[in-house]
Amino acid sequence: MNPEKNDPLILVVEDEPKLAQLMIDYLQASNYRTHHIAHGSEVLPFVQQTPPDLMLLDLMLPGSDGLTLCREIRRFSELPIIMVTARTEEIDRLLGLEIGADDYICKPFSPREVVARVKTILRRVKRAPEEADRVSLLKIDEGRFQASWRDQPLELTPAEFRLLKTLALEPGKVFSREQLLNHLYDDYRVVTDRTIDSHIKNLRRKLENHDADQPFIRAVYGMGYRWEADLGQLI
């Protein structure tokens, strides 16, 4: 089947023609519309004029590299971004820890894996209307990757946002570090418990900057973390 005009649009930003065409062929076979850009300088104008549903963004590009582009896009859009890289030393920086990417794929990769990652992230975005604004004091909009406390916006990284959503939507439930890691990443990568502790620390600090009297997130010794702040009346 050929993609139709209402099917999701995937922007493929890749300067290797054969690799780009391979991804495009598999995406179109899965009923995604595609648009290909090979030069970094053309990305921002296209995203602003024709916002795609998701972008596959190569790290090394002529004109402007993927890290710079991701930072620039995050200034005005929560467009889902999957970074594509052959530079494994950059992996720790790619998943929103610094620049706001949603996922990464290492070269060489299976094109089926690309399609699977795309489907996973788009499903997550599609669920947003069901989960947005479920609480009155804390408002969560997954489609825009935005959250606010008492109508004050929280400037969160994607990892912090997912932690907040996971904990706050089930207040009182204790989540182990492993469970929280599984909510953060779809590919079950190997990371240490310190990764969760660092994200929790930063998230707690940002919340307490808005409301120092709330406990928000409490550590449960030997078990994990739970949400304790009063969320107000459920909507």
Side-chain angles (χ1 to χ4, degrees), residues 53-54 70 74-82 94-104 117 119-189 191-235:
D53 294 283
L54 183 144
C70 191
R74 280 294 171 260
R75 293 180 180 177
F76 64 88
S77 173
E78 294 298 335
L79 165 69
I81 298 173
I82 299 177
L94 295 184
L95 254 198
L97 301 180
E98 293 185 8
I99 61 170
D102 296 273
D103 202 351
Y104 74 88
R117 299 287 188 91
K119 288 181 178 179
T120 296
I121 291 179
L122 290 180
R123 278 198 304 267
R124 190 164 62 216
V125 172
K126 187 177 180 181
R127 290 198 304 266
E130 301 173 4
E131 297 177 343
D133 297 333
R134 287 188 58 185
V135 295
S136 57
L137 296 181
L138 175 67
K139 294 184 179 179
I140 296 174
D141 187 337
E142 190 176 5
R144 295 181 176 87
F145 263 73
Q146 294 175 353
S148 63
W149 178 259
R150 297 185 184 273
D151 295 325
Q152 297 297 313
L154 300 167
E155 300 297 330
L156 305 178
T157 66
E160 292 165 359
F161 178 89
R162 291 179 185 132
L163 277 177
L164 173 66
K165 182 174 71 72
T166 299
L167 291 165
L169 291 180
E170 296 191 66
K173 178 179 177 179
V174 177
F175 288 87
S176 68
R177 289 175 174 83
E178 181 179 0
Q179 288 174 317
L180 291 173
L181 283 170
N182 289 341
H183 279 85
L184 282 188
Y185 307 122
D186 296 315
D187 58 356
Y188 302 98
R189 72 196 59 190
V191 292
T192 67
D193 288 351
R194 294 176 60 187
T195 301
I196 286 293
D197 295 338
S198 177
H199 288 317
I200 289 287
K201 179 180 178 181
N202 292 333
L203 174 59
R204 184 187 284 139
R205 173 178 52 80
K206 292 178 180 181
L207 287 162
E208 290 176 351
N209 284 341
H210 289 281
D211 195 342
D213 295 330
Q214 288 281 359
F216 288 111
I217 301 168
R218 186 176 300 278
V220 181
Y221 182 76
M223 297 181 66
Y225 294 96
R226 69 172 177 237
W227 180 272
E228 290 204 346
D230 180 12
L231 296 174
Q233 182 179 0
L234 289 175
I235 297 176

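No experiment lies behind these values; they were computed from the predicted model shown.
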Taking it one step at a time, do F216 and D211 satisfy side chain to side chain contact (heavy atoms under 4.5 Å, CB included)? CA-CA 9 Å; F216 288 111; D211 195 342; 3.9 Å; yes
E208 side chain to R205 main-chain N or O, any donor-acceptor pair under 3.5 Å?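 Between the backbone of R205 and the side chain of E208 there is no qualifying donor-acceptor contact (under 3.5 Å).
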Taking only residues two or more places apart in sequence or in another chain, which ones pass ring pair (Phe, Tyr, Trp, His ring centres under 6.0 Å) with Y225?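 Y225 satisfies ring pair (Phe, Tyr, Trp, His ring centres under 6.0 Å) with no residue once adjacent residues are dropped.
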Could you grab the distance from atom [atom1] of [X] to atom [atom2] of [Y], nearest 0.5 Å is fine?
{"X": "I196", "Y": "L181", "atom1": "CD1", "atom2": "CG", "result": "4.0 Å"}
{"X": "T157", "Y": "R162", "atom1": "OG1", "atom2": "CZ", "result": "9.0 Å"}
{"X": "L180", "Y": "H199", "atom1": "CG", "atom2": "NE2", "result": "10.5 Å"}
{"X": "L137", "Y": "R150", "atom1": "CG", "atom2": "CZ", "result": "5.0 Å"}
{"X": "W149", "Y": "L154", "atom1": "CH2", "atom2": "CG", "result": "9.5 Å"}
{"X": "I217", "Y": "L203", "atom1": "CD1", "atom2": "CG", "result": "4.0 Å"}

Indicate the atoms forming the closest heavy-atom contact of [X] with [Y], along with that distance.
{"X": "W227", "Y": "L164", "value": "CZ3-CD1, 3.4 Å"}
{"X": "R218", "Y": "P215", "value": "NH2-CB, 3.9 Å"}
{"X": "I121", "Y": "P80", "value": "CG2-CB, 3.6 Å"}
{"X": "R74", "Y": "L79", "value": "NH2-O, 2.8 Å"}
{"X": "G224", "Y": "V174", "value": "N-CG1, 4.2 Å"}
{"X": "A168", "Y": "L138", "value": "CB-CD2, 3.3 Å"}

Would D102 and R117 pass as an ion pair if we require N to O under 4.0 Å?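 Result for this pair is no, no salt bridge flagged.
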Determine, stepwise, if the pair D151 / K139 fulfils side chain to side chain contact (heavy atoms under 4.5 Å, CB included). CA-CA 8 Å; D151 295 325; K139 294 184 179 179; 3.3 Å; yes
Residues R204, I200; criterion side chain to side chain contact (heavy atoms under 4.5 Å, CB included); working and verdict: CA-CA 6 Å; R204 184 187 284 139; I200 289 287; 4.0 Å; yes
Among residues at least two apart in sequence or on other chains, which ones pass side chain to side chain donor-acceptor pair (under 3.5 Å) with N209?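 Result, side chain to side chain donor-acceptor pair (under 3.5 Å) vs N209: none returned.
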Run the side chain to side chain donor-acceptor pair (under 3.5 Å) test against E160 and tell me which residues pass, sequence neighbours left out.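 K206.
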Taking only residues two or more places apart in sequence, or in another chain, which ones meet [X] in a salt bridge (charged side-chain N to carboxylate O under 4.0 Å, His left out)?
{"X": "R226", "result": "E228"}
{"X": "K173", "result": "E170"}
{"X": "R75", "result": "E72"}

Let me see the working for L156 and N202 under side chain to side chain contact (heavy atoms under 4.5 Å, CB included), right down to the final yes or no. CA-CA 9 Å; L156 305 178; N202 292 333; over 6 Å; no
Could you tell me whether the side chain of [Y] reaches within less than 4.5 Å of the side chain of [X], counting heavy atoms only?
{"X": "T120", "Y": "D103", "result": "no"}
{"X": "R177", "Y": "D197", "result": "yes"}
{"X": "Y104", "Y": "I82", "result": "no"}

